[in-house]
Amino acid sequence: MNKLPYEDQLKELEKLAPELIKKEKKEKKVALPELPDAERGKVVTRFPPEPNGYLHIGHAKAAIIDHEYARMYDGKFILRFDDTNPENEDIIFYDAQREDLRWLGIEWDHEYNTSDNLGRHYQFALQLINQGNAYVCTCHPEEIRKNRFRGIECKCRKRDVDENKELWERMQSDLPQGKAILRLKGNMKSENTAMRDPTLFRIVEAEHPIHGDNYRVWPTYDFAGAVEDSIGGVTHPFRTKEYELRDEVYFYILDKLGLRKPYLMEFSRLDIEGMPVSKRLIKPLIEEGKVEGYDDIRLPTLRALKRRGIQPEAIKQFVLSQGISKVESKITFDQIEAINRKIIDPVAKRYFFVSNPVKVIVENAPEIEKDLKLHPTEDIGYRRIKTKNIFYISKDDANKYKVKDKVRLKDLYNIEITRVNNVIHSKFIGKELIPGVDKIQWVTDEHVETLILKPNPLFKNGKYNEKSLERIRGYAETAVKSVNIGGILQFERFGFVKIEKKEKEKIIGVFIHK
RNA sequence: GCUCCCGUGGUGUAGUCCGGCCAAUCAUUCCGGCCUUUCGAGCCGAAGACCCGGGUUCAAAUCCCGGCGGGAGCACCA
C-alpha cells in the first residue's frame, strides 16, 4: 500500500474508509506551523496572565497557541500568574482565570506565581547593581519621562555601586513609593526608546493578594517576564506584537544576567469588530448599567462566550485558523459563528418557536397527535405534539399571507387563509404536501412563553450601540420545557438558542446565531 | 516628532526567510443551482486578491529602493 503513489493511496483510502480522509483534511486546516528550534519532548511554553480580570478571547488566543505548541511537541505547558503589581491583582481572578482556561479545554503541567519568586528576582537585581548594569534613580517621574524622550542621561546614572546598593536596601525599607526606582543601565541614546534605561523595579505599597505586605519592591514586566521565562525553562515564549520593541530589553537583561535566552516570538492581537476587549471601555458600561457584567452576552470574555453558547472547541479552531502572523486584522464574529454552527448543528434538537405570535384558527381542523423528529438528519429522537384548531404563527410569517393563500403548517397539514383581522381565519385543505407552498413553524394553544436575548455589536462606529441587545418575545412549543438549562437547541428557521433560565411559565434563552 | 512592525479577494488566512512547480491555498461572506416537510446542515457552481511606483533578474506576491496606508512604542501597566 505504501508503495503506491500518494494519489492512489488516497483513492484506495477513499474506498475503504472515506471518513478518514475528511478527518485528515480537518486536522490539516487547524494545525499550527512548525516551531523553529523545536525538539520533540523539549518544548516548554507558558501562558502568563495577570490576575486582574476575567480572561477574554485575546487571552484565549495566547493560551491556546501556547498550549497547542506544547502538546504538538510533547512538551510542557506552564501556567504562570504574572502578579507583580499588587495594585492590580485580585485574589478572585487566580481562580476565575483557571476556571476560564479549564473551560477552554486547557490543562497545564505546572503552575506557579511570579510573585513566589521575588527572592530570586532580588538576587538578580543585586547582581545587576554589582555589575554596574543597574542603578537607583530618584528623579521625578516626569523628569524621567522627558529625559527618555530626549535621550538624556540623568545624574543618578553616575552613582557608584555602593551607593546604589544602599539605596536599593532603602527601597525595601523606608524610601516612599514614587521616590526611587531601579533602572537598567541601557542606552539613553538608543533609537529604541525601550532601551533608554527602562525601569526594573519600583516601590508599590499596596497589599498583595498572596504575599500581603511582605514586599514593597516589585519587578516590572520587562524584568520579571524575561527572568521568569528563562529560569522557568520556557523555550518558546509568545507574546503580542506591541511588545516587539521590548525584545531588545528582554535579551539585554538575560545577557547581563548570564541567563539562557529563549526563542521569543510575537503575534498580532485579536481584534473583533464591535467587541472591545479593553477594561477601559467595558468597565464604564458596566458601571452605567449598559451591560450586565463581565459575562454579558455582548462581551468577548470567555464567560460571556460560554453564556452565549459558543463552544470552546469553536474558539480553539478559530484561533488555530488565525495562526501566529503579525498582520493586524479586524475579524468579524461571523467567522467564529460559522465554526460554532458546524459543531452544534448535528447535536442541537429542533423545535418550533414563533416570535410575536399571531393567532390562527383552522376550520375543520382534524385533531392530530404525532411525533416529530428532533433532527432532520441525525437520529436523536422525537417529541410528541397534539393539535386542535388553534395555532400561533410568527408575525413575520403572518404578514406575508393574504386571503386565499395556501400555507403548510410544517410537519402537519395545509391550510388556506379565509379571513384576516386580528386573528387569521383559515380552513383545513388536506395533508398531502403541495409543491411550492411555504412551510411555516407554528405552536398550539399549549405553548410556553419564551424570551430570547439576542446580542448585536456592542459598539458601532466607536460608540455604544443602543440596540446592542434585542429582546425577542414569542411562544415555543411545550416540549422545550424538557430541555435542560444550558442546553442548546435550534428553533427552526429562527436560529440556534441556548436555554438560560426556566421560570414557571416562561423560558429565557440566548440567541447564539442563525 | 522619532523608532519599530504590518500591508494577498468583502473578511480571515496559506505562500514571502531559501525568486520559478503561484495564470496564488483554504475558510467565511455574497450570488446561482441541487437536495431537504427549517431561510439550518449537506452538495454543486460562480464571482472575487498579491497597496503603489521604480529597480535587480531569463523569471518577483517573494529580493532591493522610494512612496502611501494601517498598527504599536516612547509608563514607576502588563
Side-chain angles (χ1 to χ4, degrees), chain A residues 25 28-30 33 36 48-50 52-53 82-85 87-89 114 137 139-141 144-146 148-151 171 177-183 190-196 198-204 217-222 224-225 239-248 266 268-269 271 273 317-318 320-339 341-342 344-346 348 350-353 372-373 375-378 396-397 408-414 431 433-435 437-441 490-496 513-514:
Chain A
K25 254 189 193 165
K28 213 175 174 184
K29 198 195 95 197
V30 295
E50 182 183 18
N52 68 342
D82 261 348
D83 51 353
T84 56
N85 187 348
E87 277 175 353
N88 294 156
E89 333 308 14
T114 298
C137 180
C139 293
H140 188 85
I144 294 174
R145 197 183 67 79
K146 275 188 196 155
R148 184 128 55 206
F149 192 77
R150 293 180 192 142
M171 280 175 71
Q177 178 166 341
K179 293 296 180 196
I181 55 174
L182 186 73
R183 287 228 257 171
S190 173
E191 289 208 315
N192 181 357
T193 50
M195 280 301 285
R196 323 246 256 231
T199 305
L200 265 21
F201 287 81
R202 79 293 207 191
I203 299 166
V204 186
V217 176
W218 292 88
T220 58
Y221 171 82
D222 278 324
R239 53 185 188 184
T240 44
K241 236 177 91 161
E242 68 267 23
Y243 295 116
E244 256 182 325
L245 274 329
R246 318 209 72 86
D247 285 9
E248 199 180 343
E266 272 100 9
S268 62
R269 276 189 100 114
D271 198 2
E273 211 170 323
Q317 280 182 29
F318 169 73
L320 296 182
S321 78
Q322 289 295 298
I324 51 170
S325 93
K326 292 203 277 193
V327 184
E328 312 115 18
S329 51
K330 198 144 204 135
I331 63 119
T332 45
F333 201 72
D334 59 358
Q335 296 179 61
I336 296 174
E337 292 179 353
I339 298 172
R341 186 179 300 117
K342 286 192 174 72
I344 64 178
D345 182 77
R350 315 292 150 123
Y351 294 97
F352 290 173
F353 164 78
L372 303 186
K373 286 172 88 174
H375 198 287
T377 54
E378 307 293 317
D396 287 342
D397 284 332
R408 181 170 186 88
L409 301 176
K410 186 179 174 261
D411 293 321
L412 201 65
Y413 52 67
N414 312 309
K431 293 185 179 176
L433 270 174
I434 309 173
V437 163
D438 285 356
K439 298 160 204 126
I440 63 170
Q441 281 64 27
Q490 188 207 51
F491 284 142
E492 287 191 14
R493 245 168 27 112
F494 177 80
F496 292 92
H513 45 64
K514 257 263 160 200

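Numbers restart at 1 for each chain; the letters A, B, ... are given by sequence-line order, proteins then strands.
A:D334 and A:K514 are not joined by a salt bridge, as no carboxylate oxygen comes within less than 4.0 angstrom of a charged side-chain nitrogen.
Atom pair A:I440:CD1 and B:U37:P shows a separation of 18 Å (rounding to whole Å applied). Separating the CD atom of A:Q317 from the P atom of B:U13 is a distance of 17 Å, rounded to the nearest angstrom. Rounded to a whole Å, the CZ atom of A:R196 is 8 Å from the C1' atom of B:C2. The separation between A:R269 atom CZ and B:A72 atom P is 9 Å, rounded to whole Å. Put simply, CH2 on A:W218 is 14 Å from C1' on B:A78, counting in whole angstrom units. Rounded to an integer number of Å, the gap from A:F149 CZ to B:C74 P is 12 Å. Between the C1' atom of B:C4 and the NZ atom of A:K326 lies a distance of 9 Å, rounded to the nearest Å. Regarding A:K514, its NZ atom lies at a distance of 16 Å from the C1' atom of B:C30, rounded to whole Å.
For B:C76, the OP1/OP2 oxygens have no side-chain nitrogen or oxygen of A:K179 closer than 4.0 Å. The shortest distance between the side-chain N/O atoms of A:T84 and the OP1/OP2 oxygens of B:A78 is below 4.0 Å. Remark: A:S329 is in phosphate contact with B:U13, judged by side-chain N or O atoms under 4.0 Å from OP1 or OP2. Contact check, A:R145 against B:G73: no side-chain N or O comes under 4.0 Å of OP1 or OP2.
To the nearest whole angstrom, the two P atoms, one in B:A61 and one in B:G53, are 13 Å apart. Comparing B:A23 with B:G15, their C1' atoms are spaced 16 Å from each other, to the whole Å. Comparing B:C74 with B:U8, their P atoms sit 26 Å apart, to the nearest whole Å. Comparing the same atom, C1', in B:C21 and in B:C65 gives a spacing of 29 Å after rounding to whole Å. If you take atom C1' in B:G48 and the same atom in B:G32, they sit 15 Å apart, rounded to whole Å. Of the P atoms belonging to B:A75 and B:G66, the separation is 28 Å, rounded to the nearest Å. For the P atoms, the distance linking B:G10 with B:C5 amounts to 28 Å, nearest Å. Remark: the separation of the C1' atoms in B:G70 and B:A47 is 28 Å, to the nearest Å.
The nucleotide whose nearest atom lies closest to any side-chain atom of A:K241 is, among B:U37, B:C6, B:U28, B:C6. Picking from B:U38, B:A72, B:G12 the nucleotide with the shortest atom distance to the side chain of A:R350 gives B:U38. Residue A:P376 places its side chain closer to B:U38 than to any other of B:C5, B:G73, B:U38. Distances from the side chain of A:S325 to the nucleotides B:U37, B:A14, B:U11 place B:A14 closest. Taking the side chain of A:T220 as heavy atoms from C-beta on, and the options B:A78, B:U29, B:G12, the nearest nucleotide is B:A78. Checked against B:C5, B:C74, B:A27, the side chain of A:E244 finds its nearest nucleotide in B:C5. Looking at the side chain of A:R148, the nearest of the listed nucleotides B:C74, B:U28, B:U37 is B:C74. Closest to the side chain of A:V327, from the set B:U37, B:U8, B:A72, is B:U8. Of all nucleotides listed (B:G73, B:G1, B:G40), B:G73 comes nearest to the side chain of A:R246. Of the candidate nucleotides B:U13, B:U29, B:U37, B:U13 has the atom nearest to the side chain of A:Q322.
Scanning both residues, A:Q441 and A:F353, for their nearest heavy atoms gives CB-O, 4.5 Å. Minimum interatomic distance between A:T199 and A:T220 (heavy atoms only, all atoms of both residues): O-OG1, 2.7 Å. Between A:N52 and A:N88, the closest heavy-atom pair is CB-O, 3.5 Å. Nearest approach of A:Q335 to A:F318, heavy atoms of both residues: CB-CE1, 4.1 Å. Minimum interatomic distance between A:K326 and A:K241 (heavy atoms only, all atoms of both residues): O-NZ, 3.0 Å. Nearest heavy-atom pair, A:S329 versus A:Q322, reported as atom, atom and distance to 0.1 Å: OG-OE1, 4.4 Å.
With a cut-off of 3.5 Å on both Watson-Crick or G-U wobble distances, the partner of B:C63 is given as B:G55. Nucleotide B:C2 forms a Watson-Crick or G-U wobble pair with B:G73, both donor-acceptor distances falling under 3.5 Å. Under the Watson-Crick or G-U wobble criterion, with both distances below 3.5 Å, B:G32 is paired with B:C44. Across all strands shown, B:A78 forms no Watson-Crick or G-U wobble pair with both distances under 3.5 Å. With a cut-off of 3.5 Å on both Watson-Crick or G-U wobble distances, the partner of B:C68 is given as B:G7.
Residue contacts shown for A:Q441 are limited to sugar-phosphate atoms, with no base heavy atom under 4.0 Å away. Nucleic acid contact for A:A338: sugar-phosphate only, since backbone atoms but no base atoms lie under 4.0 Å from a heavy atom of the residue. Using a 4.0 Å heavy-atom criterion, one finds that A:S190 contacts no nucleic acid atom at all. Residue A:N414 is out of contact with every strand shown, counting any heavy-atom pair closer than 4.0 Å. Among the atoms of the strands shown, base atoms are found under 4.0 Å from some heavy atom of A:I181. Across all strands, A:N88 comes closer than 4.0 Å only to sugar-phosphate atoms, never to a base (heavy-atom distances). Note on A:E328: a base of the nucleic acid sits closer than 4.0 angstrom, heavy atoms only. Residue A:G178 is classed as a base contact, given a heavy-atom separation below 4.0 Å to a base. Using a 4.0 Å heavy-atom distance criterion, A:E242 is classed as a sugar-phosphate-only contact.
A donor and an acceptor atom sit less than 3.5 Å apart, one in the side chain of A:Y243 and one in the base of B:A78. A donor-acceptor contact under 3.5 Å is formed by the side chain of A:Q490 with the base of B:U38.
Along RNA chain B, the nucleotide nearest to A:L412 and the one nearest to A:I324 differ in position, and the one closer to the 5' end is contacted by A:I324. Mapping A:Y221 and A:E492 onto RNA chain B by nearest heavy atom places A:E492 at the nucleotide closer to the 5' end.
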Query raised in the report: Passes side-chain contact (heavy atoms from CB on, under 4.5 Å), A:F496 versus A:D345? Steps please.
Result: CA-CA 8 Å; A:F496 292 92; A:D345 182 77; 3.5 Å; yes
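Using a 4.5 Å cut-off on side-chain heavy atoms (C-beta onward), A:T193 and A:L245 make no contact.
One distance of note links CG of A:D82 with CD of A:E89; it measures 8.5 Å at 0.5 Å rounding.
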